[in-house]
Amino acid sequence: MELMNNNRWESYIRRVTPYVPGEQPKDESIIKLNTNENPYPPAPGVERVLRNIDVDRLRLYPDPTIGLLVDELASFYELDKDQVFVGVGSDDVLANAFLTFFNSDKPIIFPDITYSFYPVYCDLYRIPYEIQPLDKEFRIVKEDYYKDNGGVVIANPNAPTSVYEEISIIEDIVSHNPNSVVIVDEAYIDFAGESALSLVSKYENLLVVQTFSKSRSMAGMRIGYAMGSKKLIKALNDVKYSINSYTLNQASILAGVEGVRDWEYYNEKIQNILDVRNESEKEFRRLGFSFPKSGANFLFVTHASIPAKDLYEALKENKIYVRYFDLPRIDNYLRVTIGKKEEMDKLFDFLSKYIESK
Ligand code: PMP
């Protein structure tokens with residue numbers, strides 16, 4: 001039978017320009033400084049529970065409430081369990097939050113340079129948005145967030161800039177927005193300073209989103225969470241249960257619990273990363289790079305004379321992956337994850353020789 005070409009289904013497809021994640025190369029000899037993963041393994045308890053997983057239990061669906069992990073997070077952060085929502089990475093939590101809270105006709109607002117997933121969610125869910133330019137130092141201009149809006153999203157520390165804003169700036173923005181939900185995406189907060197979590201008891205419209213992917217070394221398990229008032233968490237759960245009740249698998253729930261418990265272990269690893277970050281800052285400066293002060297496990301660097309794109313390509317050819325964004329205002333920057341000292345040494349060895357040869 002001849003295929004008819006006049007079907008309308010194609011025009012009914014929801015089209016979206018997707019987010020492009022950083023590369024996950026198979027070659028293990030590659031030095032991977034491109035997706036802000038933690039260079040150290042998860043806490044020992046994570047390995048223990050994964051080795052002892054009851055495979056027969058996998059016949060059953062996991063707990064749709066993710067109760068064990070919700071309880072563990074609630075007690076760690078001294079919240080009520082009705083104030084915690086867990087999802088499949090903070091990307092999933094953010095996607096649910098955009099769908100749940102940004103349902104007005106007014107544009108939501110976020111910085112021009114920020115996590116590039118935000119405009120993708122807006123596009124997917126048909127949420128209007130207006131970007132607010134960061135200043136020349138990549139800092140938030142807080143007055144830009146005083147205007148009428150349908151919601152506010154702030155990544156703090158911001159990505160890919162690495163800039164951390166003090167909690168007073170965040171509180172100022174939240175207090176000027178009593179009519180909108182304000183989402184603070186704190187994927188990197190454990191490398192920075194004070195979390196906006198302390199404001200959650202004061203502002204019912206503030207949602208703080210965090211992840212197990214960075215400071216807790218578990219990007220591969222895909223666990224993220226949101227904390228806020230009971231009203232916000234109930235609304236998020238209502239949307240979640242309208243899409244997929246069983247979001248976290250059994251292994252992730254058990255591993256996640258161990259990931260919350262052993263903060264002493266993680267704190268030590270965070271300190272290691274901050275030490276290597278300090279050393280790396282010196283090396284980058286010595287080689288002619290500049291960068292904003294980082295509050296994250298990465299640096300956002302630009303070189304005085306060599307274009308970022310050339311550096312990115314030369315590094316890649318030499319099996320060192322960093323992240324480059326061909327986007328307005330940041331197309332001469334590289335986002336470099338802080339790896340282990342040995343990995344950073346190799347990066348700086350290569351950069352020294354390359355820059356000398358120019
Ligand atoms: N927010 C920001 C600012 C990020 O950089 C990332 C990591 N790409 C995420 C959220 C998502 O992290 P995950 O889904 O692994 O929790």
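The first residue in the sequence is number 1, and the count goes up from there. Keep in mind that what you see is a predicted model, and the values were worked out from it rather than measured. When a ligand or atom number is given, it counts from 1 through the structure's own listing order.
The side-chain heavy atoms of Thr337 and Thr35, taken from C-beta on, include no pair separated by under 4.5 Å.
Side-chain atoms of Arg323 never come within 3.5 Å of backbone atoms of Pro160 as a donor-acceptor pair (strictly under, hydrogens ignored). Between the side chain of Ser217 and the backbone N or O of Tyr40 there is at least one donor-acceptor pair closer than 3.5 Å.
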Note down each nitrogen or oxygen pair, ligand 1 side and protein side, whose separation is under 3.5 Å; give only atom names and the distance to 0.1 Å.
from	atom 1	to	atom 2	distance (Å)
ligand 1	1 (N)	Asp185	OD1	3.2
ligand 1	1 (N)	Asp185	OD2	2.7
ligand 1	5 (O)	Tyr188	OH	2.7
ligand 1	8 (N)	Tyr115	OH	3.2
ligand 1	12 (O)	Ser90	OG	3.2
ligand 1	14 (O)	Ser90	N	3.2
ligand 1	14 (O)	Asp91	N	3.0
ligand 1	14 (O)	Asp91	OD2	3.3
ligand 1	14 (O)	Arg222	NH2	2.8
ligand 1	15 (O)	Ser213	OG	2.6
ligand 1	15 (O)	Arg222	NH1	2.7
ligand 1	16 (O)	Ser90	N	2.6
ligand 1	16 (O)	Ser90	OG	2.6
ligand 1	16 (O)	Thr211	OG1	2.5
ligand 1	16 (O)	Ser213	OG	3.4

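Checked against the 6.0 Å centroid criterion, the rings of Tyr188 and Tyr115 do not qualify as a close aromatic pair.
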Sequence neighbours left out, cut at 3.5 Å: what donor-acceptor pairs do the side chains of residues 345-356 make with other protein atoms?
from	atom 1	to	atom 2	distance (Å)
Asp345	OD1	Lys341	NZ	3.3
Asp345	OD2	Lys341	NZ	3.1
Ser352	OG	Phe348	O	2.7

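Using the six-membered ring where Trp is involved, Tyr225 and Tyr77 have ring planes that are tilted, between 30° and 60° apart.
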